[in-house]
Amino acid sequence: RAALLSGDYKTAILLHESLFNAIKSGRPYPINKDKLKNLISLEYDLKAGFEFFDPTAGEAFKESIRKSLQYNQSNYGALLKRAIIEFDHGNGDPRVALGTIGQAKQHANGYHWLYSKAFLHFWLEEYDNALKCCEKLKEKSYAEEEITIREVTKFNEDLLKKHNKPQLYYWLGFVNYVKGSNPSLADTYFQKFIEKTSDSMEDLTARAQSYLAN
């Protein structure tokens, strides 16, 4: 547990999985088996968190999420990351990812899932649902939300380099204006959205212009 708390997931996994295998073999130990499984699930989720930002991690990220959910299928963080895998940089199935976000919501200890849900609705061009999520985000907050905002911004910026999804500029404008308290950056995103928008996004265009006028 000390290794886990210090962020040394490698040592934590090595020790706890060895202990778990010993318990499975029938050896008595003074620790609840389910509690141990939850700890190992957390450790693999922590491992995946580091691997997500490591371009050399390859398939290790997916394997860590698989292992985390193998030990605890209700692990909130691992479910959020599984949705990222299912989305697969826009090449996967966003509806499957949306279903996984629904599962994550049931085990949530924050509102990270709401960012993911809003994003997926924007991606799917389900703007009414996306805007409902945006309204809920105005009312919610949690500790270290600024980290989520930075991650959301980078994730969407990377997608926009490869996909023609102008609605994501609106989403980034909203996130940085309402949640990030960065009106200057938000203005840049709203301007880009208006430059690239289509007739199917009249409501979003009106909202973006309203934000720019404030």
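From a predicted model like this one, the values you see are computed outputs, not experimental measurements.
Counting only N and O atoms by type, the side chains of Y71 and E17 include a donor and acceptor under 3.5 Å apart. Between the side chains of Y115 and E145, at least one donor-acceptor pair of N or O atoms lies under 3.5 Å. E157 and Y189 share a donor-acceptor pair across their side chains, judged by distance under 3.5 Å alone. Using modelled atom types, one finds no donor on one side chain facing an acceptor on the other under 3.5 Å when comparing E125 with S200.
In this structure, I194 and L212 have side chains that are in contact, with non-hydrogen atoms separated by less than 4.5 Å. Side-chain contact between Y142 and T148: present, with at least one pair of heavy atoms (C-beta onward) separated by less than 4.5 Å. Contact check for W171 versus H121: no side-chain heavy atoms found under the 4.5 Å cut-off. Between T197 and L204, every side-chain heavy-atom pair lies at or beyond the 4.5 Å cut-off. Using a 4.5 Å heavy-atom threshold, the side chains of Y44 and R66 count as separate. Using a 4.5 Å cut-off on side-chain heavy atoms (C-beta onward), K33 and F20 make contact. Within the 4.5 Å cutoff, the side chain of I65 has heavy atoms near those of the R82 side chain. You'll find the side chain of F193 stays beyond 4.5 Å of the side chain of L172, heavy atoms only.
In this structure, E139 does not pair ionically with K136, as no charged nitrogen and carboxylate oxygen lie closer than 4.0 Å. Taking 4.0 Å as the cut-off between side-chain N and carboxylate O, K62 and E59 count as a salt-bridged pair. With respect to the salt-bridge test (charged N to carboxylate O, under 4.0 angstrom), the residues E135 and K138 qualify. Ion pairing between a basic and an acidic side chain is recognised when a charged N comes within 4.0 Å of a carboxylate O; K154 and D158 show such pairing. In summary, E43 and K47 do not engage in a salt bridge, as defined by a charged side-chain N under 4.0 Å from a carboxylate O.
Using a 30° and 60° split on the angle between ring planes, Y170 and F122 fall in the tilted class, from 30° to 60°. Note on ring orientation: taking the six-membered ring where Trp is involved, the planes of F50 and Y9 are tilted (angle from 30° to 60°).
With D88 contributing its side chain and N91 its backbone, the two residues share no donor-acceptor pair below 3.5 Å. The backbone N or O of M201 lies less than 3.5 Å from a partner atom in the side chain of T205, making a donor-acceptor pair. For the pair S41 (side chain) and K37 (backbone), a donor-acceptor distance under 3.5 Å is absent.
At a threshold of 4.5 Å between side-chain heavy atoms, the hydrophobic network of Ile, Leu, Val, Met, Phe, Trp and Tyr places L19 and L14 in two separate groups. Cluster annotation: V152 is connected to L98 through the hydrophobic network of ILVMFWY side chains, with a link wherever side-chain heavy atoms come within less than 4.5 Å. I85 and V96 fall into different hydrophobic clusters, where Ile, Leu, Val, Met, Phe, Trp and Tyr are joined by side-chain heavy atoms under 4.5 Å apart, directly or via other members. Note: the hydrophobic cluster containing F52 does not contain I13 (ILVMFWY, side chain heavy atoms under 4.5 Å, direct or indirect links).
H163 meets the ring-ring contact (aromatic ring centres under 6.0 Å, His included) test with W123; sequence neighbours excluded. Considering only residues two or more places apart in sequence or on other chains, Y211 meets the ring-ring contact (aromatic ring centres under 6.0 Å, His included) condition with Y177, F190. Contacts of K81 classified as salt bridge (charged side-chain N to carboxylate O under 4.0 Å, His left out), with partners at least two apart in sequence or in another chain: D45.
More than 12 heavy atoms of other residues, nucleotides or ligands lie within 6.0 Å of CD in E146, so this atom counts as buried by the packing criterion. Other residues, nucleotides and ligands place more than 12 heavy atoms under 6.0 Å from the CD atom of Q70. The number of heavy atoms from other shown groups lying within 6.0 Å of CG (N164) does not exceed 12. Residue N21 qualifies as enclosed at atom CG: its count of foreign heavy atoms under 6.0 Å is above 12. The environment of K165 atom NZ is dense: over 12 non-hydrogen atoms of other residues, nucleotides or ligands sit within 6.0 angstrom.
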Task: Audit row: K162, H89, side-chain contact (heavy atoms from CB on, under 4.5 Å) steps and yes/no - done: CA-CA 9 Å; K162 299 178 181 179; H89 305 288; 5.7 Å; no
- [ ] Could you give me the CA-CA distance, side-chain angles and deciding distance for F87 and L120, then say whether side-chain contact (heavy atoms from CB on, under 4.5 Å) is met?
- [x] CA-CA 9 Å; F87 179 73; L120 287 167; 3.8 Å; yes
Open item on the list: Would H112 and L80 count as a side-chain contact (heavy atoms from CB on, under 4.5 Å) here? Give the steps.
Closed with: CA-CA 8 Å; H112 317 73; L80 291 176; 3.7 Å; yes
TODO: Would you check, one step at a time, whether the test side-chain contact (heavy atoms from CB on, under 4.5 Å) holds for L131 with D203?
DONE: CA-CA 10 Å; L131 290 170; D203 186 20; 3.5 Å; yes
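One distance of note links OG of S68 with CG of L42; it measures 7.0 Å at 0.5 Å rounding. Here the straight-line distance linking atom NZ of K117 with atom OG1 of T100 works out to 13.5 Å at 0.5 Å rounding. Between the NZ atom in K179 and the CG atom in L137 there is a gap of 5.5 Å [rounded to 0.5 Å]. The distance from the CG atom of N75 to the CG atom of N38 is 8.5 Å, given to the nearest 0.5 Å. The line from CG of L39 to CG of L15 is 12.0 Å long, rounded to the nearest 0.5 Å. Rounded to the nearest 0.5 Å, atoms CG (N182) and CG (D187) are 9.0 Å apart.
The nearest pair of heavy atoms linking I101 to A83 is CD1-CB, 3.6 Å.
For F155 and F119, the gap between ring centers is short of 6.0 Å.
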